[in-house]
Amino acid sequence: MSLLLSGLNNEQLKAVTLPHQSALILAGAGSGKTRVLTTRIAYLIQSRQVSPHSILAVTFTNKAAKEMLARISAMLPINIQGMWVGTFHGLCNRMLRAHYQDAGLPRVFQILDSADQLAVIKRVLKGIGADDEKFPPRQVQWFINNAKDEGLRGSQVEVYDDFTRKMGEFYSAYEQQCNKEGMVDFAELLLRSYELLTRNEILQRHYSSRFNHILVDEFQDTSQLQYKWLKLLAGVEAAVFVVGDDDQSIYAFRGANTGNMKDFEHDFHISKIIKLEQNYRSHGNILDAANTLIRNNSGRLDKNLWTSEGHGEPLRVYNAQTDFDEAAFIVKEAKFLQAGGVRLSQIGLLYRSNAQSRVLEHALFNASLAYRVYGGLRFFERQEIKHALAYLRMIANQNDDNALLRIINFPARGIGIRSLEQLQFDAKQQGGSLWQAALEKYRVGAIPIQESEDMASVSHIESRKADKPKKGLNSFVVLIESMQQGCLELPLPEIVDHMLEHSGLVDYYRAQREGANRLENLNELINAATSYIQEADDGSLATFLAHASLEAGEHQSGNNQDALQLMTVHSAKGLEFHSVFLSGLEEGLFPHENSRNEVGGLEEERRLMYVALTRAQRRLYLSFTQSRMLHGQTRYNIPSRFLEEIPDSLLEWLRPVQEEVITQQVSGIMEQELGAADPRSGMLTRNSKFGIQDRTLGITGMEASQWRIGQNVVHAKFGTGIIVNCEGGGSDARVQVKFSQAGTKWLSLEYAKLVST
DNA sequence: ACTGATTCTTTTTTT
DNA sequence: AAGAATCAGT
């Protein structure tokens, strides 16, 4: 017991050993909140004799859930089977599987990921002849998910104009389609589960009396519906222990509601909030930067992080010419870090949006530095995997129209749009699924009616095996049925194997020129199935499919080798690295331009920046570029406002050696030579505490011209800006400047007194 | 019905 | 830039 609690500071100890009551723990970044949460659970079990069976813990990601379980088992030599630990979605899924009948779902309901959901919506919209110019499927999807997050059904959507009326209709039609096919999207998992508990008092009482202790991680990211779900589960007796940090709320776009923290205080009669403010992660300068930045937000709960460690190094800022230049810089620095003894897995490379990873990956690949990308295109979202999963879904549930549509003609078996339209028409007529319609057709076409009636007990497949068709609808029916038969008694990995061989997917990708990688992934799917049955207590096909949808990102074909960690800032939440590169600190990118139009958008971006900064333990690089390829065209950006919100005294500006002139040169107006070197330039890195070799690099090259595209300038009247275009030469030379405040203007170089920065 | 080519669209963050 | 959707030719 004392071993369990040793090393905790006062506040942590207080939180861990709280009596049976609800509590709100305000825990800053790096203040040991996961430790508090896991120790609390271990403490409850060990010292308070609480049964694991009556504990429910909600985490934000599957990764966090796994880590929590691992940590608890490390602390306690007991069986933690009965404990419910998972994400909101995972736990709702678990509940719905257990009570599928009460929830009005088929036994093998299918979980739709966002892409699947979009496909269904497109299908539904087409089916009712909606104008997809006026109602883009994406927007409909957004509308439906928002409504669900608010706990509303299609019929309950508030209608105040034609548009919302239409949207409500689409939602209802989509709802109907999902019910027909036994499909459940992410938001539906929560809503169904919530409705189940509201409508079924017996179940609600059962669960609320079972779970005496409910613990919630990342509470600031819970949505309204999730909070309501928690309240139902808690009932009146449970002690609800929530841990959160309002400054790290970065999921408002998904319905996260920081207001839940205030509501919680009130609803659960919290008398005193426990604050964890001592940071054990980062050196002082990093913390100071984060603290100063986040102070620009309004309406925060009061909290200030501090550390007993020293200031450490200043934050290193690098102004790159292009995104390639930025990537090259990062590669170079990462190599130095590695040479200095920092493991690659201890280096985080963060960016605002997934699209930014590509240039970085390219540079890392060429430098043969091992790296691992998290997020982005996830394993279970790759097309070959999606195809394979669709076959598996057909095996599990033939009424899954979505799956059928995906594979009915892949690999090609001669079923074109005509046959498909006919099939869809038939299905509509019969009021059944596409599969049922196909089966009907097959029966009628392939076997005389009397015969099929006579042989009702014998599978018609068996009777027709001799002249098995190789093309067309019938071949598909035969294929799926034979797969089902063939998989009946097989363990999961062999089902996958069987399916891969017989579906023709393997042959298809083997024949493709670029198919090697996809083949590898398909093979990896067998491995995923193998490791799944080892971990899960129910290794059935249906649960595996649910796992694939819910944990799309968890499975990576890469192994555990030491590698640089690439990810978005969002996915970096909760992680820490010895050194962090935060790239793309440019206006429009970070803060993202889309955040401009959203209420509270900028503050959410700032919190995101706060999360990014606080990932670093010892060293932090901040970089931005003057020009960047985005969506196929070069864009010129000015540095992020967030850089200016960090005190200059904490920053050290780096200037690179110009190894080659990468800059675009402006014809005719490059007479002026660069003057004295920037006083802040010079050493690229300096000697550091963790043994990085000292290396001093001077400026060896000069920039070709002071005035070039991408150049940062200051104008006496318009302020700071960046050159985005130029024309003419000599005394006619003019440049177009995008000012941070004054907009974009053409200026004559002869008259406008521009100063370069 | 399939294929290859061309045009069009998309671009924040995630369970 | 990369994918999806559409189109023309086989």
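In what follows, chains are A, B, ... by sequence order, proteins preceding strands, each numbered from 1. Note that the coordinates shown come from a computational prediction; the quantities given were computed from them, not determined experimentally.
Nucleic acid contact class of A:Ser114 (heavy atoms, under 4.0 Å, all strands): base. Backbone-only engagement by A:Ser571 is indicated by non-hydrogen atom pairs under 4.0 Å involving sugar-phosphate atoms exclusively. As judged by a 4.0 angstrom heavy-atom cut-off over every strand, A:Phe88 is placed among residues making no nucleic acid contact. Among the protein residues, A:Asn354 comes within range of the sugar-phosphate backbone only, with heavy atoms under 4.0 Å from sugar or phosphate atoms but none that close to a base. As judged by a 4.0 angstrom heavy-atom cut-off over every strand, A:Lys573 is placed among residues making no nucleic acid contact.
Nearest-nucleotide mapping onto DNA chain B: of A:Thr87 and A:Ser595, the residue sitting toward the 5' end is A:Ser595. Between A:Pro136 and A:His570, the residue anchored nearer the 5' end of DNA chain B, judged by the nucleotide with its closest heavy atom, is A:Pro136.
A donor-acceptor contact under 3.5 angstrom links the side chains of A:Gln220 and A:Glu218, judged on distance only. For the residue pair A:Asn260 and A:Thr222, a side-chain donor N or O sits within less than 3.5 Å of a side-chain acceptor on the partner. Judged purely by distance below 3.5 Å, without hydrogens or angles, the side chains of A:Gln117 and A:Gln141 pair a donor atom with an acceptor atom.
You'll find that the side chain of A:Arg138 is closest to B:dT10, out of B:dT10, B:dT12, B:dT14. Considering only side-chain atoms of A:Met629, the nucleotide from B:dT13, B:dC2, C:dA1 that sits closest is C:dA1. Considering only the side chain of A:Thr61, B:dT15 comes nearest among B:dT15, C:dA1, B:dT13. Taking every side-chain heavy atom of A:Arg358 into account, C:dA2 is the closest of C:dA2, B:dT14, C:dA5.
Taking side-chain N and O atoms only, A:Arg254 has no distance below 4.0 Å to OP1 or OP2 of B:dT12. Contact annotation: A:Lys122 reaches the phosphate of C:dA5 (side-chain N/O to OP1 or OP2, under 4.0 Å).
With ring centers used as reference points, A:Phe143 lies 6.0 Å or more from A:Phe170.
Put simply, the side chain of A:His592 and the base of B:dT12 share no donor and acceptor less than 3.5 Å apart.
Relative orientation of the A:His387 and A:Phe410 rings is parallel, given thresholds of 30° and 60° on the angle between their planes.
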